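Okay, structure first, notes after.
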Amino acid sequence: MVFRGKRLLAGLIDFIIVTLLVNIPFPIFMETGLEGWFLVYLLIIFIGYGYILEGRNNQTVGKKVMGLKVVSSKTGKSEIFVWQLLIRNVFRPLDYIGFWGVIPITLFKRRLGEFLSLTEVRENPRVSSSKGGTKMNEKSEK
C-alpha cells in the first residue's frame, strides 16, 4: 500500500506540473486566435513531459521526488528502448479520460501504456554519495 501511495503522490506532482505547463500559455493561444493549435500543444505536453524526462533518467519529477523509477518489466533493468518510452507516453492521455486509466490498473496493476510498452514503475533504491556506493539504509562503520 505504501508503494501505491507513493505512486499516487508522484502522479499528482506530475499532474500539477503538466497542468501548469498547459494553463500558463492558455491565454496566449486564445488571444492570438490560435485556439485550434491548443489541442496540439496539449498533446505535446502530455506526451512529451514523460517521454523526455523518463528518457533522460527513467523518472519524471514526481517519480524522482517519491523515489520511483521506470524499468523494463521483462528484465527489471533501467534500459528502456525508445519504442517503449513512446508507447507508455502516447497512451498517457487515455488515463485521464473516464475510466480508461482505472480499468488497466485494476486488472494488471499497471497503466495501459505500461502494460503495452512492457515497462513498470518500481521503487528506486537510494544510493549514498560515498565512494563505496553503499545503500543509505546500511550502517557504516566508523
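When a residue number appears, it is its place in the shown sequence, counting from 1. Everything quoted here is computed from the prediction, not taken from an experiment.
Leu68 is linked by a side-chain contact (heavy atoms from CB on, under 4.5 Å) to Phe3, Lys6, Arg7, Ala10, Lys63, Met66, Val121, Glu123, counting only residues two or more places apart in sequence or in another chain. In this view, Phe26 and Met30, Phe38 satisfy the side-chain contact (heavy atoms from CB on, under 4.5 Å) rule, not counting sequence neighbours. Shown here are the ring-ring contact (aromatic ring centres under 6.0 Å, His included) partners of Tyr51, two or more places apart in sequence or in another chain: there are none. Partners of Val18 under the side-chain contact (heavy atoms from CB on, under 4.5 Å) rule, at least two apart in sequence or in another chain, are Val22, Ile45, Phe46, Tyr49. In terms of the side-chain hydrogen bond (donor to acceptor under 3.5 Å, both in side chains) criterion, Thr19 has no residue partners (sequence neighbours excluded).
Hydrophobic clustering (side-chain heavy atoms under 4.5 Å, transitive across Ile, Leu, Val, Met, Phe, Trp, Tyr) groups Ile24 together with Ile16. Hydrophobic cluster membership is shared by Leu42 and Ile52, with clusters built from Ile, Leu, Val, Met, Phe, Trp and Tyr side chains linked at under 4.5 angstrom. Following chains of ILVMFWY side-chain contacts shorter than 4.5 Å, one can reach Val40 starting from Val90, so the two form part of one hydrophobic cluster.
Between Pro25 and Tyr41, the shortest heavy-atom contact is CG-OH, 3.2 Å.
At a threshold of 4.5 Å between non-hydrogen side-chain atoms, the residues Arg92 and Ile47 do not count as touching. For the pair Lys64 and Leu53, the minimum side-chain heavy-atom distance is 4.5 Å or more. Counting heavy atoms from C-beta outward, Val71 and Ser78 have side chains that approach closer than 4.5 Å. No side-chain heavy atom of Leu39 sits under 4.5 Å from any side-chain heavy atom of Phe29.
When atom types are taken as modelled, the side chain of Glu114 and the backbone of Thr119 share no donor-acceptor pair closer than 3.5 angstrom.
For the 3.5 Å distance criterion, the side chains of Asp14 and Thr60 qualify, holding a donor opposite an acceptor.
Sequence neighbours left out, not one pair with a member in residues 27-37 passes side chain to side chain donor-acceptor pair (under 3.5 Å).
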